[in-house]
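The figures here come from the full heavy-atom set of this structure, side chains too, leaving out hydrogens, waters and symmetry mates.
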Amino acid sequence: MVDEGVIKFSARHETRPLDPRVYGALACTLVAWREILALTGLVGQDPSRYGGAGFGNVSARVPPFGDLTRGRRRFIVSGTQTGGLACISLRELCVVEEWRIAKNEVRSFGEIMPSSEAMTHGAIYDLAPELRAVLHAHTPLVWQRARPLGIPATRPDVAYGTPEMAGEVERLWRETAVSEARVFAMGGHQDGVVAFGRTADDAGATMMRCLARAYAAACFERGAVCAAK
């Protein structure tokens, strides 16, 4: 059974609009990268993939960044099942205020519920205070080549959006070079690749580099290497 996009945590959500004076500038930067991912097919909706569910989501920390309490590093994130929308606005974003991994609970507000990956985003922000943007894309080209490209991966038996996935994020931080790579594949989430960084630009650049490397690898596999002139 396809469960793509299904929220697996307990959602304590308050439905109210986001103030554009507070969140407008941050949202514009995030939406810009989200549209770039959509143009490259890393965010979207396709009837032939994942049971027709929308895929991909983005987030960014909300300033000020003074509260370093784990589980309370507030962030703005795209809403559940918005992947198929050509454009999004504040109405398709929400603010996650708190997440309790042990209780499998997320507290948020906005006109839409948070992405089903919100807890995973929160787990990434808990890793280090300087991490302030997360881009979650779906790309079989990168996902299928994670190992040869040297991209760390979560265990294939761990589902997305769960406390176990949050634990896998922490494990990768401890046991692999993901703190330097700033990207990982989700082994149990088909085609899922997550890039993160100090800014959305940093995370976006990492994702694009991985995509370019995967294209180069695919080209080499086909033997379609152009002769130098």
Side-chain angles (χ1 to χ4, degrees), residues 1-11 37 42-43 50 53 55-61 68-75 77-78 80 83 96 98-108 114-198 202-203 206-207 209-211 214:
M1 180 177 68
V2 175
D3 67 350
E4 181 70 32
V6 177
I7 292 175
K8 298 182 178 182
F9 50 77
S10 175
L37 295 180
L42 305 187
V43 168
Y50 324 124
F55 55 89
N57 41 74
V58 297
S59 73
R61 287 276 310 279
L68 299 182
T69 306
R70 288 170 61 87
R72 298 196 60 170
R73 299 174 183 179
R74 297 194 316 149
F75 61 92
V77 64
S78 51
T80 181
V96 172
E98 184 178 10
W99 53 97
R100 299 180 181 181
I101 294 173
K103 294 186 176 182
N104 194 29
E105 182 179 271
V106 171
R107 183 165 60 89
S108 58
S115 163
S116 57
E117 292 285 3
M119 186 174 292
T120 303
H121 286 245
I124 293 171
Y125 292 128
D126 276 344
L127 296 173
E130 70 270 16
L131 302 181
R132 295 177 182 174
V134 175
L135 306 179
H136 171 217
H138 276 232
T139 163
L141 195 68
V142 176
W143 190 75
Q144 293 168 6
R145 295 169 177 80
R147 184 182 293 275
L149 291 176
I151 297 174
T154 60
R155 298 199 318 269
D157 61 332
V158 175
Y160 74 89
T162 61
E164 291 76 18
M165 178 57 74
E168 272 295 275
V169 168
E170 294 181 357
R171 182 189 67 80
L172 291 181
W173 190 261
R174 293 192 312 268
E175 299 179 4
T176 74
V178 77
S179 62
E180 297 177 6
R182 301 293 170 99
V183 62
F184 63 89
M186 305 177 83
H189 187 38
Q190 185 180 357
D191 304 335
V193 177
V194 179
F196 53 93
R198 292 177 178 269
D202 286 344
T206 296
M207 186 69 77
R209 281 196 301 270
C210 287
L211 189 60

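- In this structure, R171 CZ and M165 CE are separated by 10.0 Å, a value rounded to the nearest 0.5 Å.
- By the 4.5 Å heavy-atom criterion applied to side chains, N104 and M119 are counted as neighbours.
- How far CH2 of W99 is from OG1 of T120: 12.0 Å, rounded to the nearest 0.5 Å.
- Annotation for E180: atom CD does not count as buried by contact number, only 12 or fewer foreign heavy atoms lying within 6.0 Å.
- Considering every non-hydrogen atom in both L172 and A153, the closest pair reads CD2-O, 3.5 Å.
- E117 and G161 make their closest contact through OE1-N, 3.6 Å (heavy atoms, listed as atom of the first residue, atom of the second, distance).
- In this structure, CZ in R107 is found 4.5 Å from CD in E98, a value given to the nearest 0.5 Å.
- Closest approach of S115 and V77 over heavy atoms only: CB-CG2, 4.2 Å.
- With rounding to the nearest 0.5 Å, the separation of OG in S116 from NE2 in H121 is 8.5 Å.
- Rounded to the nearest 0.5 Å, atoms CZ (F55) and OG1 (T139) are 9.5 Å apart.
- For N57 (side chain) and H136 (main-chain N/O), no donor-acceptor pair under 3.5 Å exists by modelled atom type.
- Among all heavy-atom pairs drawn from Y125 and V134, the shortest one is OH-N, 3.3 Å.
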Quiz item: Could you walk me through whether R182 and D202 pass the side-chain contact (heavy atoms from CB on, under 4.5 Å) check?
Solution: CA-CA 9 Å; R182 301 293 170 99; D202 286 344; over 6 Å; no
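- The residue from Y50, W143, F184, Y160 that alone fulfils the ring-ring contact (aromatic ring centres under 6.0 Å, His included) condition with H189 is Y160.
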Would L127 and E170 satisfy side-chain contact (heavy atoms from CB on, under 4.5 Å), going step by step from the backbone distance to the final call?
CA-CA 7 Å; L127 296 173; E170 294 181 357; 4.3 Å; yes
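- Using a distance-only test at 3.5 Å, with no hydrogens or angles considered, no donor-acceptor pair links the side chain of S179 to the main chain of W173.
- Under the side chain to side chain contact (heavy atoms under 4.5 Å, CB included) rule, V183 has a single partner from L149, V193, V142, which is V193.
- Between G150 and P152, the shortest heavy-atom contact is O-CD, 3.5 Å.
- What you find for P140 and R145 is that their closest heavy atoms are O-NH1, 4.4 Å.
- Counting only distance, with no hydrogens or angles, the side chain of R70 and the backbone of D126 share a donor-acceptor pair below 3.5 Å.
- Remark: S108 OG to F75 CZ distance equals 9.0 Å, nearest 0.5 Å.
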ask   = Is there a side-chain contact (heavy atoms from CB on, under 4.5 Å) between R132 and R198 once you walk through the steps?
value = CA-CA 5 Å; R132 295 177 182 174; R198 292 177 178 269; 5.8 Å; no
